[in-house]
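First comes the structure, then the notes that go with it.
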Amino acid sequence: MGAGLKKGRRNGDPVVAIDGPAGSGKSTAARLLAWDLGWTYLDTGAIYRTLGWLAWQEGISMEDEGALVALCPRLEGLSFQWNPRGEVEVLLDGKRVTPYIRGEEPGRWASDVSRHPKVRRVLLDLQRAFAIKGPLVTEGRDTGTVVFPKARWKVFLTASLEERARRRLKEMGMGEGKEAMEGVERAIKERDEQDSQRPVAPLRKASDAMELDTTHLSPEKVVERIKKLMEEVD
Ligand code: DC
């Protein structure tokens, strides 16, 4: 870690902001860490995924910024809950929506709806409200750059495209056949491109984030590294 990471962070908000592309290991690491510390957990991708799913259900185009903004207040009913297996369930008005928002198709909807500046603007307060409840572990694309620019600890995770596709397939309970791998690799690559090239809050590493390549690291090792950062930058 460079000295620059330590300087000037000491009075930041008690927030661990983990960003990175799809499949880089953000969710697993963030959940393990939040569970371990007993801190609030916020999956910002789930907010965009739920918005995309609501739009799809209501036949609203992912291009219709005004209609998407009008849907945003519905997301105030979003919450996260640990189930007995130590997994996180996404609830909307108390109803479990996790199965509808996982996988690559809802991921694509999320990437599409998240391109709109007004949608992002409206959802900022909703995301920031999670930090009012206490210390927070959050993850997404812009949590360290835009949502919580004063987060005390910032992490940017990366991994090879192949490894990221493998993780996605495993998550979806699918085998690693050549065709499936190629399909998921293509979908992830397209999403990465769209998320990195959009003009507002693109996916990028915050200048003061610790970068970690997780290709050959277990989730536990990733958490260990983040905890080390938290000890060093307190
Ligand atoms: O992390 P994820 O795969 O659940 O995210 C789904 C999409 O949501 C991602 O491709 C882009 C968008 N997203 C975003 O724009 N900003 C965030 N902070 C989190 C997700």
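Counting starts at 1 for both ligands and their atoms, following the listed order. Numbers here simply count residues along the sequence, with the first being 1. The structure presented is a predicted model; accordingly, all values stated were derived computationally and were not measured.
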side-chain contact (heavy atoms from CB on, under 4.5 Å) filter on Thr40, not counting sequence neighbours, yields Phe130, Lys133, Leu136
Output the set of protein residues with a heavy-atom contact under 4.0 Å to ligand 1, ordered first by chain identifier and then by residue number. Lys26, Thr44, Gly45, Tyr48, Arg49, Ala110, Ser111, Ser114, Arg120, Gly140, Arg141, Asp142, Arg191, Asp195, Arg198
Taking only residues two or more places apart in sequence, or in another chain, which ones meet Arg96 in a salt bridge (charged side-chain N to carboxylate O under 4.0 Å, His left out)? Glu89
Can you sort out the partners of Arg141 under salt bridge (charged side-chain N to carboxylate O under 4.0 Å, His left out), two or more places apart, ordered by chain and number? Asp195
Is it the case that the side chain of Trp153 and the backbone of Val233 share a donor-acceptor pair, with hydrogens and angles ignored and the cut-off at 3.5 Å? yes
So, do Trp82 and Trp35 have ring centers that fall under 6.0 Å from each other? yes
Under-4.0 Å salt bridge between Arg166 and Glu163: yes
